[in-house]
Amino acid sequence: MTWKLPEALLALKVMSDRYDPSRIEPKWQAWWEARGTFRTPEDPSLPKKYILDMFPYPSGAGLHVGHPEGYTATDIVCRYLRARGFAVLHPMGWDAFGLPAEQYAIQTGTHPAVTTRANIATFKRQIQSLGLSYDWEREVDTTDPAYFKWTQWIFLQLFRRGLAYQSEIPVNWCPALGTVLANEEVVDGKSERGGHPVLRMPLRQWMLKITAYADRLLDDLDLVKWPDSTKTMQEEWIGRSEGAEVKFALEDGSGALEVFTTRPDTLFGATFMVVAPEHPFVERHTTHAQKAAVEAYVHQAIHRSDLDRKAAKEKTGVFTGGFVVNPVNGERVPVWVADYVLMGYGTGAIMAVPAHDERDFEFARAFGISVVQVVSPDGRPRSGELEAATTEEGLAVNSGPYDGLPTAEFKRRITADLEAAGRGRKRIEYRLRDWVFSRQRYWGEPIPIYFPVETDGDPRAGAPHTIRYDLPMAVDEAELPLLLPDLEDFSPGDDPAGALARAVDWRFFRRDGQWYARETNTMPQWAGSCWYYLRFMDPGNPDAAWSKEAAARWLPVDLYVGGAEHAVLHLLYARFWHKVLHDAGFVSCPEPFARLVHQGMILGEVEYTAYKSSEGFVSREWVVALPDGGYRHRSGGQELTPVRVPEEAVEKRGANTILKADPEIVVEARAFKMSKSRGNVINPDDVVRRHGADALRLYEMFLGPLEAVKPWSTSGIQGVARFLERSFALASRPMKDGMPEGPLLRLVHKTIRKVTEDIEGLRFNTAISALMVLLNELSKTDPLPKGAAELHVRLMHPFAPHLAEELWERLGHPPSLQEVPWPGFDPDLCQDESVTVAVQVNGKMRGTVQLAAGSDQDTALGEARKLDTVQRQLEGKDIRKVIWVADKLLNLIAG
RNA sequence: GCGAACGUGGCGGAACUGGUAGACGCACUGGAUUUAGGUUCCAGCGGCUCACGCCGUGGGGGUUCGAGUCCCCCCGUUCGCACCA
């Protein structure tokens, strides 16, 4: 054994001058921290940039490789901008209220604050190990009373402006779980988890009047540079539609049934009306004869959840026996009740025009109601029955005095006529609903509202009392923050008022002899994330949520990076709050996030799946996926089981991946979302330990475009690790002073331009590829000009900051690279002196010629004629035409 | 069903306003150094063909001297919405 020792020692010595991220990275992280390199500059004369990541929920699972993707992207941009002389605000914090910590508390009794603190510590350690350039002095935590004091303060601004109100709205209440469930959590009237019964019941909720801002939220999307897909999703979510409100008089003269329609031009084709099961018309105007049938229908309809109602395909409904009068022609129109009309949209009642609405058409066909065509493409009614509804616009028919009018004009005319007759008017509807802002949970911001209590005794001791929810009062701003009470049991309990209702000493208080009760609902998780970007501007301010000066200095956020899963809700809610704060004079710009980018998800490694029946493997083309998640044979119909196959057992053959053991069997190759249950989660800690933070950062950026969904590949990281090693080796070589000359100088300038432009455009994958090209070229150059090696280090600095700082120091410069201005390029030197021009004959490539840049067509033609391949193609033919694209291409048309 | 995005080697991906398809990297093959190597270096690497050459960006048509890129039809994948009157 002893004879091996000297070699081992030798190996150690060699190792000491090899690239060793585990030594370099902590060194520079400590250096940056000690020097405050990333502290936000105060100097107001510097131009500013506010670069923001969506802050994470600190889950117990710790960071996954998806987090560093967006964080690295913004970090690269920040380091680049600092080198360009900008004052950069780049903060990080924690969206720390949320369900998992509360559920853990319910199971274990551990206070959510304890869990949250531990999780934040883990997240922070992991994020710091990546060398991300955050200004940690601005860290915020939404569960910190010093933070949520101001969340509550903003709520009070909304309350004062009449934008926060209470309402009884139907929710999914599950008594067994003791909580309100989201629609997605209810399946077949039972809870998704546990299968407990769920009741639809009205419950008092706090609502925020986001609908008051619908138009501005829609219009101001024009002011921001966001992905079109995200803008479209927000537009559709807001769902503005213009139409008319029309009154159909009741037969008994007691009023009218109001409907909303986007097609008032089809009024003459309204052959029936439909009201939602919850509509008051049902109660008031159902005839005696229809009563039993209607009641039975309404009962079963109301007890179906929204999702069930949506899932049903066949139209159902019952005639109420009632009639109304069509305002345009005086005809009697029967009124039906059906659940395809929703109480929550429009007026909860529609005029049904089966000829021109697919849903009405289906309903009319199911119940034998007549169909009257009132729109025609050519102005002539069709003979015979319609087989389907036609929803296109056209010319009016069967519409009395309006016949022949085009749809758009008809709409305008009839809306005006109805209004003049007092039977309707223009109306705009939105799909957007007001925001249900209360949760029956413990781990959220208490809503700073209280109510008078009518009682003869002490409500804390159980005296009978009435809480006057109709008289909400704002907690005095001086009393904020309103803290959560300490509890032993964090479960919501069987009281829909929530866990806080049990904290009677907290809930009830007495002032001037009058008893009061605090609101026991808490805010949803969205609350804290609605304004965190504002607190980052002035995080320590004890007197205000932020100062006017800070807002003037930093807003708007110049670049906001985060997942597409927040495309609608978070981003819409934050915009809404921002606009309210704008109206209240606390911020001056109309939109908070000027530019938005969604990083794409990083999937797990590609997995191979074969499908097996009782008789053995079945090739992919015979496998049919069932909606329930199962699989069966396309022809035989037998059940198939998916089997995970290791990579060594498969082989690529042509377009297919097949089993080595049986080449007839094609397997499925696919990457899946990382999940604990699938066991394909990559832990960034492991990657950092093995390859270093610079390699992880570089690899995630090199994988593909930032916005794209990309599968992780464990072997792929080798490539960037090698790049870092070779960069290290390059800087250790002997060099000559000065800059390179000739083609190498031109390559350096081209690389500066490419990297600069790619960082601006967030195209990090191609920027890294350009750096690799430069490194490959420099590695071949001997002697190596030091100026070129230095530029390589400066250009790679935003991507691999630890190694860049290390090499910069080794090249004899004082740190930090963050203070070295970003290199500029000479556009003239970005042009090559000699260019390769493509030569085509009749549009087909036949070779290339080397020419001096800027050569003319004749020179090119002369050179091209010398090519064997060209001569062969031209044999016996005349050149009839020449296409010449300078410095690019010569195309000879011959025949 | 509606809407949006995307289909390029064995793999991740490049390709500016139509102008050399496959940059860069992984994997693979051969060679060199090494006792060894999850090391380093050199070379090769879309398919067919001995070669000349032919074919090739999901499929089919079109515009053009020239199409991955533009237009039309179809197929597939992913995401979002889903009776919104």
Side-chain angles (χ1 to χ4, degrees), chain A residues 7 14 18 227-230 232-233 235-237 239 241 243 259-263 266 274 307 309-313 315 338-342 344-353 357-360 362-363 429-433 564-565 567-568 600-601 606 651-655 657 669-671 690 699 702-705 707-723 725-726 729 757 763 765-773 775-776 779 836-848 868-869 872 880-885 887-893:
Chain A
E7 270 178 323
V14 172
R18 294 198 50 197
D228 286 340
S229 59
T230 303
T232 305
M233 279 165 68
E235 278 162 18
E236 286 173 359
W237 190 265
S241 71
V259 301
F260 171 71
T261 176
T262 54
R263 295 295 301 270
T266 61
V274 185
L307 274 189
R309 281 168 69 162
K310 285 168 191 164
K313 287 195 190 81
K315 293 274 179 291
D339 64 6
Y340 81 90
V341 171
L342 308 175
Y345 186 78
T347 63
I350 61 158
M351 62 176 213
V353 185
D357 181 284
E358 280 161 25
R359 296 150 301 177
D360 297 344
E362 275 176 48
F363 191 87
E429 271 295 317
Y430 300 90
R431 203 189 79 110
L432 183 70
R433 303 265 72 91
E565 66 273 22
V568 178
M601 204 187 322
V606 172
E651 203 174 17
K652 244 331 219 201
R653 186 156 306 175
T657 309
R670 224 188 114 177
R690 208 173 150 83
Y699 179 61
F702 187 60
L703 255 182
E707 297 92 332
V709 177
K710 316 162 270 267
W712 182 268
S713 154
T714 299
S715 59
I717 200 167
Q718 285 297 338
V720 294
R722 226 167 269 162
F723 168 76
E725 280 161 21
R726 296 178 63 212
E757 289 174 355
R763 295 181 297 267
N765 54 332
T766 49
I768 292 167
S769 140
L771 289 171
M772 289 174 167
V773 171
L775 176 68
N776 288 346
S779 300
T836 310
V837 172
V839 179
Q840 299 182 342
V841 178
N842 290 332
K844 279 191 186 266
M845 278 298 297
R846 295 299 167 188
T848 59
D868 290 350
T869 46
R872 261 197 298 274
R880 294 187 182 160
K881 191 176 169 188
V882 178
I883 310 279
W884 167 244
V885 182
D887 291 350
K888 289 249 166 161
L889 170 135
L890 181 73
N891 187 5
L892 309 176
I893 311 304

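We use all heavy atoms of the structure for the numbers below, so side chains are in, but hydrogens, waters and symmetry mates are not.
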> Has A/Glu358 got more than 12 heavy atoms of other residues, nucleotides or ligands less than 6.0 Å from its CD?
Replying inline: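 Atom CD in A/Glu358 is not crowded, with 12 or fewer foreign heavy atoms closer than 6.0 Å.
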
> For B/G30, does the glycosidic angle fall within 90° of 0 (syn) or outside that (anti)?
Replying inline: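 Chi for B/G30 falls in the anti range.
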
Counting Watson-Crick and G-U wobble pairs only, both distances under 3.5 Å, name the nucleotide matched with [N], or none.
| N | answer |
| --- | --- |
| B/A43 | B/U29 |
| B/A51 | none |
| B/C2 | B/G80 |
| B/G66 | none |
| B/A21 | none |
| B/A36 | none |
| B/C16 | none |
| B/G56 | none |

>> Across nucleotides 23-28 of chain B, 5' to 3', mark each nucleotide with B, S or - according to how protein heavy atoms within less than 4.0 Å reach it.
In response: BBSS--

>> I need a per-nucleotide contact map over nucleotides 45-57 of chain B, read 5' to 3'. Cutoff is protein heavy atoms under 4.0 Å; write B for the base, S for backbone only, - otherwise.
In response: -------SSSS--

Figure out the [atom1]/[atom2] separation between [X] and [N], and round it to whole Å.
| X | N | atom1 | atom2 | value |
| --- | --- | --- | --- | --- |
| A/Arg431 | B/G3 | CZ | P | 16 Å |
| A/Asn891 | B/G66 | CG | C1' | 6 Å |
| A/Tyr340 | B/C83 | OH | P | 13 Å |
| A/Glu236 | B/G1 | CD | C1' | 14 Å |
| A/Lys710 | B/C79 | NZ | C1' | 15 Å |
| A/Arg18 | B/G37 | CZ | P | 16 Å |
| A/Asp228 | B/G80 | CG | P | 18 Å |
| A/Trp712 | B/G13 | CH2 | P | 14 Å |

Base, sugar-phosphate alone, or nothing: which one does [X] contact when heavy atoms must sit under 4.0 Å apart?
| X | result |
| --- | --- |
| A/Ile893 | sugar-phosphate |
| A/Thr836 | base |
| A/Gln840 | base |
| A/Val709 | sugar-phosphate |

>> With nearest nucleotide decided by heavy atoms, which residue, A/Val839 or A/Glu429, maps closer to the 5′ end of RNA chain B?
In response: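 Going by which nucleotide is closer to the 5' end, it is A/Val839.
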
>> Quick check on RNA chain B: between A/Tyr345 and A/Thr848, whose nearest nucleotide comes earlier from the 5' end?
In response: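 That would be A/Thr848.
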
Consider the side chain of [X], meaning its heavy atoms from C-beta on, and name the nucleotide among [options] that approaches it most closely.
| X | options | value |
| --- | --- | --- |
| A/Glu725 | B/U40, B/C83, B/C65 | B/U40 |
| A/Ala838 | B/U20, B/G80, B/A85 | B/U20 |
| A/Pro705 | B/A14, B/C81, B/C65 | B/A14 |
| A/Pro711 | B/U39, B/G12, B/A85 | B/G12 |

> Any cation-pi pair here, A/Lys315 with A/Tyr340, using under 6.0 Å and within 45°?
Replying inline: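 Judged by the rule (NZ or CZ under 6.0 Å from the ring centre, within 45° of its axis), A/Lys315 counts as positioned above A/Tyr340.
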
> Step by step, would you call A/Val720 with A/Met772 a side chain to side chain contact (heavy atoms under 4.5 Å, CB included)?
Replying inline: CA-CA 9 Å; A/Val720 294; A/Met772 289 174 167; 4.1 Å; yes

>> Show, in sequence, the C-alpha distance, side-chain angles and deciding distance for A/Gln840 and A/Ile883, and conclude whether the side chain to side chain contact (heavy atoms under 4.5 Å, CB included) test is met.
In response: CA-CA 9 Å; A/Gln840 299 182 342; A/Ile883 310 279; over 6 Å; no

> side chain to side chain contact (heavy atoms under 4.5 Å, CB included) between A/Asp357 and A/Ile350: does it pass, once the steps are laid out?
Replying inline: CA-CA 11 Å; A/Asp357 181 284; A/Ile350 61 158; over 6 Å; no

For [N] and [M], measure between their [atom1] atoms and round to the nearest Å.
| N | M | atom1 | result |
| --- | --- | --- | --- |
| B/G66 | B/C54 | P | 16 Å |
| B/C72 | B/A82 | C1' | 29 Å |
| B/A14 | B/A32 | C1' | 31 Å |
| B/G68 | B/A15 | P | 16 Å |

> Is A/Thr266 close to A/Met351 at the side-chain level, that is, under 4.5 Å between some pair of heavy atoms?
Replying inline: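 A side-chain contact exists here, since the closest heavy-atom pair is under 4.5 Å.
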
> Taking side chain as C-beta onward, heavy atoms only, is A/Val353 less than 4.5 Å from A/Thr261?
Replying inline: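 No - every pair of side-chain heavy atoms lies 4.5 Å or more apart.
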
>> Does A/Asn842 form a side chain to side chain contact (heavy atoms under 4.5 Å, CB included) with A/Ile893? I'd like the steps, not just the answer.
In response: CA-CA 5 Å; A/Asn842 290 332; A/Ile893 311 304; 3.7 Å; yes

Output yes when a side-chain donor or acceptor of [X] lies under 3.5 Å from a complementary backbone atom of [Y], and no otherwise.
| X | Y | value |
| --- | --- | --- |
| A/Thr869 | A/Arg846 | yes |
| A/Arg726 | A/Ser779 | no |
| A/Tyr699 | A/Ser713 | yes |
| A/Arg763 | A/Glu757 | yes |

> Is A/Ser229 near enough to B/C79 that one of its side-chain N or O atoms lies under 4.0 angstrom from OP1 or OP2?
Replying inline: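 No, no such contact exists.
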
